Amino acid sequence: MTFFESYQRAGKIASEVRERARKKYHVGTTVFRICESIEAEIREMGGTPAFPVNVSLNDIAAHYTAEPNDILEVKDRDILKIDIGVQVDGYIADTAVTVCYDPKSEELVRVAEMALNEAVKVAKADTKSNEIGAVIESTIVKHGFKPIQNLSGHSLERYTIHAGRSIPNIKTIGPSFSLSSNQAYAVEPFVTTRDGQGVVYEGKVRNIFSITSRKPSKNQEADIFLDQLWNKFKTLPFAIRWITDLFDEPKARELIEVLVKKRNVHAYPILVEGNRKLVSQAEHTLIPSTNFTYVTTL
Ligand code: MN
Ligand code: MN
């Protein structure tokens with residue numbers, strides 16, 4: 001399989017599971033069931049989750065995944081961002097949808113989709129990243145909402161989700177780069193209401209992890225654990241739910257804590273809107289070329 005075919009397969013799986021998640025009625029369902037069922041669907045279709053499904057509610061913009069047996073349930077007033085990653089041979093599709101059942105939040109959800117569509121239209125090879133940011137921001141502002149200015153899209157590399165290049169959600173001043181052909185990028189507008197701060201801050205909860213260093217920690221048990229994690233996930237993010245086959249939950253948490261303290265493992269904090277206002281998100285992965293942009297997750 002060429003790298004392009006791998007991107008294609010990952011994208012097709014990601015978009016199918018996203019559309020199923022979009023249509024489902026999630027009220028009364030636990031975030032645990034949502035994560036586990038989407039990840040199972042990805043595997044059934046021949047893909048591998050590239051990161052734990054993110055199920056971020058309301059003012060949490062990103063980086064919440066279900067804990068083992070998480071009892072948190074979706075309520076009818078909630079707005080839920082479901083962010084899905086699929087990898088095939090390390091080539092990643094990253095896509096997200098926001099679901100809500102309260103008509104009052106529908107416009108917030110729709111504006112994120114509109115901003116994404118407008119961004120996709122201008123994202124060709126050689127398009128400047130700040131031009132994409134400008135299109136996203138103007139679409140959001142025109143409809144009376146506010147972009148989250150410190151969250152952005154990103155380049156993707158094999159086994160690497162955030163591969164160095166950022167695609168802003170606002171018109172940035174200063175250095176910009178041009179999109180390259182045959183390079184994958186995720187574009188992901190985040191939108192809040194006009195009374196939101198338009199900035200996210202790190203919250204206390206951390207339930208997504210990834211390996212940042214394989215340097216031995218001098219704790220033998222932790223080092224063996226680190227090797228096991230490396231064999232399973234390499235540099236890709238994982239959740240406690242994904243490692244309870246290696247150790248029971250308390251032990252797994254204890255060893256992760258050791259590895260986080262030794263800086264072998266990074267713990268991602270949840271990202272919370274500054275004024276605690278609602279946040280919506282939409283995301284696609286695309287590979288630009290000069291006259292055509294291939295949206296792998298369409
Ligand atoms: Mn994503
Ligand atoms: Mn992304």
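Nothing fancy with the numbering, it's 1 onward along the sequence. Note that ligands are numbered from 1 as they come in the structure, with each ligand's atoms numbered from 1 the same way. Please read all numbers here as calculations on a predicted model, not as lab measurements.
In terms of distance to the Mn ion (ligand 2), the nearest N, O or S atom of Glu188 is named OE2. Take the N/O/S atoms of Glu283: the one nearest the Mn ion (ligand 1) is OE1.
Here the rule is side chain to side chain donor-acceptor pair (under 3.5 Å) with Gln281, and of Asn54, Asp83, Asn169 only Asp83 fits it.
Taking each heavy atom of Val55 and Ile34 in turn, the nearest pair found is CG1-CG2, 3.9 Å.
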> Does the salt bridge (charged side-chain N to carboxylate O under 4.0 Å, His left out) test come out yes or no for Asp195 and Lys146, once each step is laid out?
Replying inline: CA-CA 8 Å; Asp195 53 356; Lys146 204 180 255 188; over 6 Å; no

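Here the Mn ion (ligand 1) is the vertex; the OD1 atom in Asp94 and the OD1 atom in Asp83 give an angle of 100° (to 10°).
Contact annotation: His154 places an N, O or S atom under 2.8 Å from the Mn ion (ligand 2).
Ionic pairing of Arg20 and Glu44 is not present here: no N-O contact between side-chain nitrogen and carboxylate oxygen is shorter than 4.0 angstrom.
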